[in-house]
Amino acid sequence: MPTPASASAAPASWTSASYQSRTVAEELIGRLSSNSVSCEAKLKALRDLKNQIIGNRTKKLSFLKLGAVPCVVSILSSATTAAVAAGGNDGLESTIIQSAAVIGSFACGFDAGVEAVLQAGALQILLSLISYPNEKVVDAVARSLKLIYQSKLGPKYDCLKSIEFLLSLLNSENENVSGLGASIIAHSCQSSMEQNALGDAGVISKLINLLGGSPIQKDSSLESLAAILKENSEVILKFVGPENGPALNVVTELTKDKHPRTRLLACSCLIVIRNALPSYLQDVRIKTKLVLVLLELLDVPGQVGDESPFVLSSLIVGKEDMQKLAFQEHAIDKLCSHLEKGSLQPKHIEGIFLALADMCSQLESCRTRLLSLKALKFVTDSMNHDCAEVRAAACICLGNVSRSVENLSAGTFANEAVINPLVQLLSDTSTSVQVASIKAISNIVLDFTLQKSTVIKCGALKQLVELSKSMDSTIRANAVCALRNLTFLVSDRCKEELLLELTQSTLLSLVSDPEPSVQEQALALIRNLVDGSIDSIEHVFAEDSVILHAVIRQMQNASKVEVLIQGMYILTNVASGNELHKEAVMNQLFPEQLGSTQSIVFKSLQSSDSRLRTVAAWALVNLTLPSSSGALKRVTRLRMAGIDSYLKNVINDPCLDVKLRARTALTQMMAFGDGSS
Amino acid sequence: MSVFWFVLGRPADFESMASSKKVITREEWEKKLNDVKIRKEDMNKLVMNFLVTEGYVDAAEKFRLESGTEPDIDLATITDRMAVKKAVQCGNVEDAIEKVNDLNPEILDTNPQLFFHLQQQRLIELIRNGKVAEALEFAQEELAPRGEENKSFLEELERTVALLAFDDVKNCPVGDLLDISQRLKTASEVNAAILTSQSHEKDPKLPSLLKMLVWAQNSLDEKAAYPRINDVSTATLEDPAI
């Protein structure tokens with residue numbers, strides 16, 4: 001019996017075929033650019049070109065390389081000039097229609113094509129034809145323009161300058177033209193100034209009218225409404241206001257529309273409203289409805305299914321009540337079952353991971369469910385995916401799932417199958433993947449030695465140290481944060497190992513990093529480093545206390561309260577050590593040449609940030625501990641600096657932590673007399 | 001004592017249930033139906049919707065003239081749509097593609113699945129006509145790149161190219177692709193896509209109305225005996241069985 005294997009014998013004819021098609025293509029371009037060809041022949045060539053490229057990316061690319069786009073745009077240009085001059089002409093108008101169709105196809109789903117079309121100057125010619133008297137010409141031109149504006153590379157239209165023009169498009173009887181107006185708004189309206197201007201000009205009521213039109217009009221109207229309403233409560237209040245009747249109900253009804261794309265866009269629109277004005281759409285039925293519709297849309301093949309997890313994510317991100325609701329509607333199971341199906345588009349997988357990540361950001365029940373479905377395997381598998389966005393999304397998902405203290409302590413993530421691919425991604429070519437993997441590692445190593453040792457075994461320490469020297473400050477800050485978490489509650493031996501890899505000089509330069517977020521993480525790392533045994537406190541005293549000096553310097557110049565907080569924690573930890581340590585802290589806080597300037601510890605006690613007040617009071621507790629031999633000397637010094645009045649200001653602090661520690665410090669000082677004598 | 005009562009009580013319960021089903025006589029029923037008013041224009045619209053969606057352009061034109069019902073779509077576009085459908089049904093797929101692109105170039109550019117199925121149908125026609133070399137070239141040039149873009153296309157492509165491997169294609173495992181039903185499937189896919197692009201429903205309203213009638217009768221059966229329509233093509237009321 002013959003086997004189908006013979007079917008793959010084709011490559012022999014591959015070269016000849018592509019050679020042949022290339023010559024055909026060149027000949028076609030020749031006909032288009034020649035001046036000696038008749039109008040009919042040129043029209044036929046345009047039509048041939050159109051039929052070759054529609055739906056066919058490969059051909060779009062090869063014709064693009066042969067210079068087809070400028071060639072067609074110049075045909076469009078001269079046909080337009082001639083047709084306008086002649087006051088209409090069938091042949092010329094057919095040429096315009098065909099060339100507009102070719103241009104539109106080059107701009108459809110093909111970034112390089114959009115660039116070429118814009119570069120060749122097609123946009124202005126097409127816009128000039130939008131009110132041409134022949135309806136067929138207008139249809140073709142509006143379609144092409146819409147495809148250009150729908151591309152992310154399409155130019156932003158200046159909504160503020162040409163509101164009149166946009167209104168005239170929206171008012172058009174022609175469905176393609178009104179759809180174009182809505183597409184331009186959806187693509188171009190971004191700033192709140194543009195949103196307000198369009199709202200004031202009456203665009204909203206036009207768009208509401210279009211909601212009752214054809215499916216195409218509905219979709220483009222919903223898309224532009226979302227753009228105009230996004231994060232702008234002022235315009236939203238106008239939209240839901242009485243002058244627009246039951247507009248909100250209309251959009252809500254459209255979440256039940258027969259067309260999946262319409263349902264998706266209606267959901268997006270409602271979510272935009274909900275996220276900006278939380279008082280709207282609080283009814284649990286609507287919330288449930290949104291979740292159910294979006295989960296159901298996951299099954300729709302193509303763009304709608306690919307986009308639905310992103311919309312779901314915008315609904316639940318940062319909202320525990322919505323995450324809980326989605327969990328009750330089995331969102332985790334549904335999302336995971338999609339991953340199980342396999343052979344999905346990268347965009348779809350990315351969206352699913354991001355939605356799962358949002359689901360698992362707060363609720364332990366979600367994380368447990370995801371792990372019980374054995375979905376962790378899909379996450380780690382996808383860390384090798386070709387598409388960088390998928391790799392990053394998988395890391396973000398793992399990062400959030402690994403917030404589960406229960407599973408961290410059970411060592412769920414402490415195996416090489418999970419950690420290895422994650423560590424590999426530290427050296428990924430994409431920065432966003434690197435950042436996502438650092439963040440995930442950072443989370444995994446936080447609390448439990450088992451994870452820490454697996455991560456170090458997989459070679460992460462060396463990589464993280466390298467990344468802490470990155471040119472990119474986001475990578476630097478995240479890498480130092482991961483090292484900080486790695487240093488949290490580890491043995492002295494581990495700290496030695498880490499310092500050996502990191503080196504004193506790198507740590508020093510991280511403390512003095514120009515970026516406050518990096519400074520904060522570096523100080524937090526040192527705080528963890530000097531936490532614990534007396535021996536570990538010695539780290540900041542190495543080489544003439546170079547680290548300690550740098551810390552104090554940063555605290556004096558801090559632009560961010562978090563830097564001060566971490567710095568104060570370092571001093572507090574050091575002050576918990578032996579006499580020498582305590583004295584060193586005293587000398588840093590109250591140097592002899594301080595003069596009349598206020599000490600940082602007192603400044604911190606007066607901070608408006610209760611976290612800083614807390615740790616400052618704590619430092620004073622450690623410095624005044626009566627059991628240590630030098631306590632009396634220090635208390636006397638502190639009193640001379642005026643500690644009593646500062647502490648008395650906070651003994652009734654609204655923050656309990658501050659109050660408690662301030663009172664402890666005061667009580668300890670009383671042991672040495674009340675200071676009045 | 002109470003058990004005895006319960007056993008005795010059951011037949012009585014059954015009786016009362018049976019008698020609770022209301023009987024509606026033909027007279028009563030027809031009187032009720034007469035009270036329902038349906039506008040002639042609405043019925044005409046339903047008929048027009050059916051003719052337009054199914055593509056009976058001549059009938060639609062005649063009906064427009066005779067009844068004065070305006071179709072919700074330009075009748076010329078039906079002719080175009082039917083021409084596309086017919087071209088696919090006859091195996092002139094290239095011709096059909098050109099016609100679709102003339103009608104609206106966006107349809108095939110934004111519908112990769114439909115575009116693939118049309119190209120696949122083109123390949124099937126080449127194989128049907130024994131043009132092996134041409135078929136291979138076409139598969140390589142046009143279809144292979146689509147397969148690279150989408151895994152499920154690749155599987156379908158492999159299945160189609162497998163036709164070339166068999167001597168007796170009619171009886172081979174993938175012989176169904178050569179079947180006329182494959183053409184009809186592709187043709188109806190194009191038809192639906194064109195209708196959607198024209199913002200028109202893919203399906204006529206009349207069949208769903210009849211479905212609703214059948215459903216309503218089934219629901220009513222539980223509560224009442226009434227003159228039922230059993231044959232929707234004649235819509236004859238049949239006396240209730242008592």
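In what follows, chains carry the letters A, B, and so on, assigned in the order in which the sequence lines appear, proteins first and then strands, with residues in each chain numbered from 1.
Among the candidates B:Val174, B:Asn101, B:Leu114, the residue making the largest number of heavy-atom pairs closer than 4.5 Å to chain A is B:Asn101. Among the candidates A:Glu175, A:Gln303, A:Arg143, the residue making the largest number of heavy-atom pairs closer than 4.5 Å to chain B is A:Arg143. When B:His200, B:Glu149, B:Gln113 are compared by the number of non-hydrogen pairs under 4.5 Å with chain A, B:Glu149 comes out ahead. Of the listed residues (A:Thr58, A:Ile216, A:Ile53, A:Ile54), the greatest number of heavy-atom pairs within a distance under 4.5 Å of chain B belongs to A:Ile54. The choice from B:Glu201, B:Arg146, B:Gln119 that makes the most heavy-atom pairs within less than 4.5 Å of chain A is B:Arg146.
Neither the backbone nor the side chain of A:Gln217 has a heavy atom closer than 4.5 Å to any heavy atom of chain B. Proximity to chain B (any heavy atom under 4.5 Å) is shown, for A:Lys218, by neither the backbone nor the side chain. For A:Gln98, the part lying near chain B is the side chain, with the backbone staying farther off; criterion is any non-hydrogen pair under 4.5 Å. Residue A:Ile97: no heavy atom, backbone or side chain, is found under 4.5 Å from chain B. Neither the backbone nor the side chain of B:Glu148 comes within less than 4.5 Å of any heavy atom in chain A. Of the two parts of A:Lys60, only the side chain, counted from C-beta on, holds a non-hydrogen atom closer than 4.5 Å to a non-hydrogen atom of chain B. When heavy atoms are compared at a cutoff of 4.5 Å, B:Asn111 does not approach chain A at all. Heavy-atom distances place the side chain of A:Arg47, and not its backbone, under 4.5 Å from chain B.
A donor-acceptor pair shorter than 3.5 Å can be found between the side chains of A:Glu93 and A:Asn134. In this model, a donor atom of one side chain and an acceptor atom of the other lie less than 3.5 Å apart for A:Asn174 and A:Asp139. Judged purely by distance below 3.5 Å, without hydrogens or angles, the side chains of B:Arg64 and B:Asn44 never pair a donor atom with an acceptor atom. Side-chain contact check for A:Asp219 and A:His259: no donor-acceptor pair (N or O, by modelled atom type) lies under 3.5 Å. Under the 3.5 Å distance criterion, with hydrogens and angles disregarded, no donor-acceptor pair is assigned to the side chains of A:Glu307 and A:His348. Under 3.5 Å, the side chains of B:Asp176 and B:Gln182 contain no donor-acceptor pair of N or O atoms.
Ring orientation note: the planes of A:Tyr149 and A:His187 are nearly perpendicular, at an angle over 60° on the 30°/60° scale.
Taking the charged nitrogens against the carboxylate oxygens, B:Glu142 and A:Lys59 do have a contact shorter than 4.0 Å, which makes a salt bridge. One finds no salt bridge joining A:Lys50 and B:Glu98 here, because no Lys/Arg side-chain nitrogen approaches an Asp/Glu carboxylate oxygen to under 4.0 Å.
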